[in-house]
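Structure record follows, encoded as structure tokens.
Here is the naming used below: chain letters follow the sequence lines, and residue numbers restart at 1 for every chain.
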Amino acid sequence: MSWIVVEARPDGGASLHELADDADVPGMPILPLEVVSRVEVPEADLPAELAAREASHPRWVLDDTAARYPALLAAGVGLERCHDLRLCHAILRMSAACAGSVLATSPPGPWDAPPDHDAWHEPDEVAAIPTLFDAVDEAGDGVGVSPVGGPAGVDEPPDLLAELALQLDAVAGSAGPGGLRLLLAAESTGALIAAEIAHDGLPWDVAEHDRVLTALLGPRPAPGRRPAVLEELATRVRTTLDAPDLNPDSQPHLLQALRRAGLDVASTSRYEISAQRHPVVEPLLAYKKLARLLSANGWTWLDTWVHDGRYRPDYVVGGVVTGRWASRGSGALQLPAQVRSAVRADPGWALVVADAAQLEPRVLAAMSGDGAMAAAARGADLYQGLVDAGAVATRKEAKIGMLGAIYGGTTGVSGAVMPRLSAAFPRAIGLVESAARAGERGEVVSTWLGRSSPPPGERWWAARAAGTGEGADPADAADARRRARDWGRFTRNFVVQGTAAEWALCWLAALRRRLRDLPGRPHLVYFLHDEVVVHSPVEVAPVVADAVRAAAGEAGRLLFGDGPVEFPLDVSVVDSYDKAG
DNA sequence: AGAGGTCGCGCC
DNA sequence: AGGGCGCGACCTCT
């Protein structure tokens, strides 16, 4: 076996050597060739901005970035670019653009198996993440370097270069090779970024978080006890409902007590309760709000997820069917506004917080080529632009109408505004309507770069068969229609949400590259669908803010060329996250 | 005791 | 009367 040796350079890059199998190089991380290879990827059809770099920079081919890269980072090695075979395989298997390829038509193989997280970590080891030296020591029997898809030593290790060849073939023969290449590059860079964010961590002020909790809930109680403020609210709820033994955390009992007290509710949801006029509403809603804070982001969360002043989100790149990232364990994508003041830059550092304004409607305008909507999106406020264009009367109508168009809203204000939007912006609305109709027929839809939606499952087709035709039971027919509409809402949203996710990935990747050129090592510390946070030395922060904007422009050009749609950002330089925006 | 389902709600 | 998620609490079933 030959080995690739990755050697950290002082400038933060890495160099590599190929070694004989008995080589022993103390202090250097070593990976077997089957796990990581340096490969030059053909650059045909890449946008010019990428192609120039593609020619001169190596792209590391990894079987699974999430499994390999943390150890590299721990050893002080950063990779500039990679091709993640696992993530790219998943995209290409599903993509309608290469449905006829060998890759897509082969029976399921090891690259289709879900990643085995247990194989990455040795729970009994002191270090949660195995070091590369562990991998080398145990490589002889496969432990620690087990490939994706099967127990070590049982299956043949997947052949990385063979898989790469299949993937490149699938792309080259596809209907949209340029888009897919960009998508695969962006997805893979996302995998690098997710690991880098986990490595660096989001700076977190535990004392400030504790202050917030104490101010809202009272001092931290003994384990198993309610904080004083919550207990007080619970008592008020019990008294008001005349239910002395009520546990307000129990939905069935709470619903029972509410109905007995005369409230007209069918559930205990905040929405229903807030519509009632009753003295219990105020303390109960306050209770629910604070109980949520305590259970989701209270002291237990703090103890579990924040260490040494850093919160380390565990992102799952490609974890959502649309291409959005998911997260694992700590609710990284649901940090409530209440605790954002605890996200605090280190002394001498700042947070550069940026979010893309009305990203999804802008993406829809760009991908549909709707000139009228693009013109309305010229300013910083797209919704006001729709009003100024005369399409709708108020900004509120514009917002609800656009969200309805993207999410599939048909009732209320949303449904009422749709005909006017459709008349004013026929291509944009036509695109989402067409995606909805395709989904209702059970067809696959695709994003701008070529990520495809999953087809409906067996139950969907069975329900459709049962509900279609002359003699169908009316109940079956109604069920089939409902399922069709539901799936149409999913595919309608898929094309927009998925393309927005692609824009965001390109934005992240472009930003990361720009940050590498700046002094002081400003680095990404958080990502949330259409928002990024960069931790930066204070004196570099203004340049970082420029880089974030420039990266947004680059993302727009990468996806849509020099089209008319702009992607403005709201950028803030702050010392804590709550001050952004 | 533990697994799995439902609800409710946080984020976009 | 919307799309996508993850998580904790409770509850039920095994």
[X] [atom1] to [N] [atom2], straight-line distance once rounded to whole Å:
X	N	atom1	atom2	value
Lys289(A)	dG8(C)	NZ	C1'	16 Å
Phe490(A)	dG3(C)	CZ	P	11 Å
Trp305(A)	dG6(C)	CH2	P	14 Å
Leu254(A)	dT6(B)	CG	C1'	15 Å
Arg485(A)	dG3(C)	CZ	P	11 Å
Leu290(A)	dA9(C)	CG	P	15 Å
Arg270(A)	dA9(C)	CZ	P	20 Å
Leu202(A)	dC11(B)	CG	P	16 Å

*What bend angle does the helix from dA1(B)-dT14(C) to dC12(B)-dG3(C) show across its length, from five-pair end axes and to the nearest 10 degrees?*
0°
Hey, does [X] reach any base, or is it just sugar-phosphate, or nothing, if we go heavy atoms under 4.0 Å?
X	value
Ala296(A)	nothing
Val321(A)	sugar-phosphate
Arg492(A)	nothing
Asn247(A)	sugar-phosphate
Ala291(A)	nothing
Arg292(A)	base
Arg482(A)	nothing
Leu293(A)	nothing

*asked:* Any side-chain to backbone donor/acceptor pair from Ser95(A) onto Ala97(A)? Under 3.5 Å, distance only.
replied: yes
Does a donor on one side chain sit under 3.5 Å from an acceptor on the other, for [X] and [Y]?
X	Y	result
Ser267(A)	Glu272(A)	yes
His89(A)	Asp112(A)	yes
Ser341(A)	Tyr577(A)	no
Ser452(A)	Ser446(A)	yes
Asp249(A)	Tyr287(A)	yes

Nucleotide nearest [X] (side chain, heavy atoms from C-beta), chosen from [options]:
X	options	result
Leu528(A)	dG10(B), dC12(B), dC10(C)	dC12(B)
Arg489(A)	dG8(B), dC12(B), dG2(C)	dG2(C)
Pro336(A)	dG8(B), dG6(C), dG10(B)	dG10(B)
His529(A)	dC11(C), dC12(B), dG10(B)	dC12(B)
Asp249(A)	dG10(B), dC10(C), dG3(C)	dC10(C)
Ser269(A)	dC9(B), dG8(C), dG4(C)	dC9(B)
Val320(A)	dC12(B), dG4(C), dC11(B)	dG4(C)
Ala337(A)	dC11(C), dC11(B), dA9(C)	dC11(B)
Gln251(A)	dG8(B), dG10(B), dC11(C)	dG8(B)

*Between Leu333(A) and Arg324(A), which has a closest nucleotide on DNA chain C that is more 5'?*
Arg324(A)
*When the nearest nucleotide of DNA chain C is assigned to Gly331(A) and to Tyr271(A) on a heavy-atom basis, which residue is associated with the more 5' position?*
Tyr271(A)
So, is [X] near the phosphate of [N], with a side-chain N or O under 4.0 Å from OP1 or OP2?
X	N	answer
Lys288(A)	dC9(B)	yes
Ser267(A)	dC7(B)	no
Thr268(A)	dG8(B)	yes

Charged N to carboxylate O under 4.0 angstrom, [X] versus [Y]?
X	Y	value
Glu282(A)	Arg236(A)	yes
Glu196(A)	Arg512(A)	yes
Asp486(A)	Arg483(A)	no
Arg362(A)	Glu566(A)	no

*Start with the C-alpha gap between Trp204(A) and Trp301(A), add the side-chain angles, then the distance that decides, and say whether ring pair (Phe, Tyr, Trp, His ring centres under 6.0 Å) holds.*
CA-CA 12 Å; Trp204(A) 200 278; Trp301(A) 182 92; 5.1 Å; yes
*asked:* Can you list, in residue-number order, the parts of residues 392-428 of chain A that come under 4.0 Å of DNA chain B, counting heavy atoms only?
replied: none
Indicate every side-chain donor-acceptor pair of residues 377-386 of chain A with a distance under 3.5 Å to a residue at least two apart or in another chain.
residue	atom	partner	partner atom	Å
Asp381(A)	OD1	Tyr383(A)	N	3.0
Asp381(A)	OD1	Gln384(A)	N	3.2
Asp381(A)	OD1	Arg395(A)	NE	3.4
Asp381(A)	OD1	Arg395(A)	NH2	3.3
Asp381(A)	OD2	Arg395(A)	NE	2.7
Asp381(A)	OD2	Arg395(A)	NH2	3.4
Gln384(A)	NE2	Asp388(A)	OD1	3.1

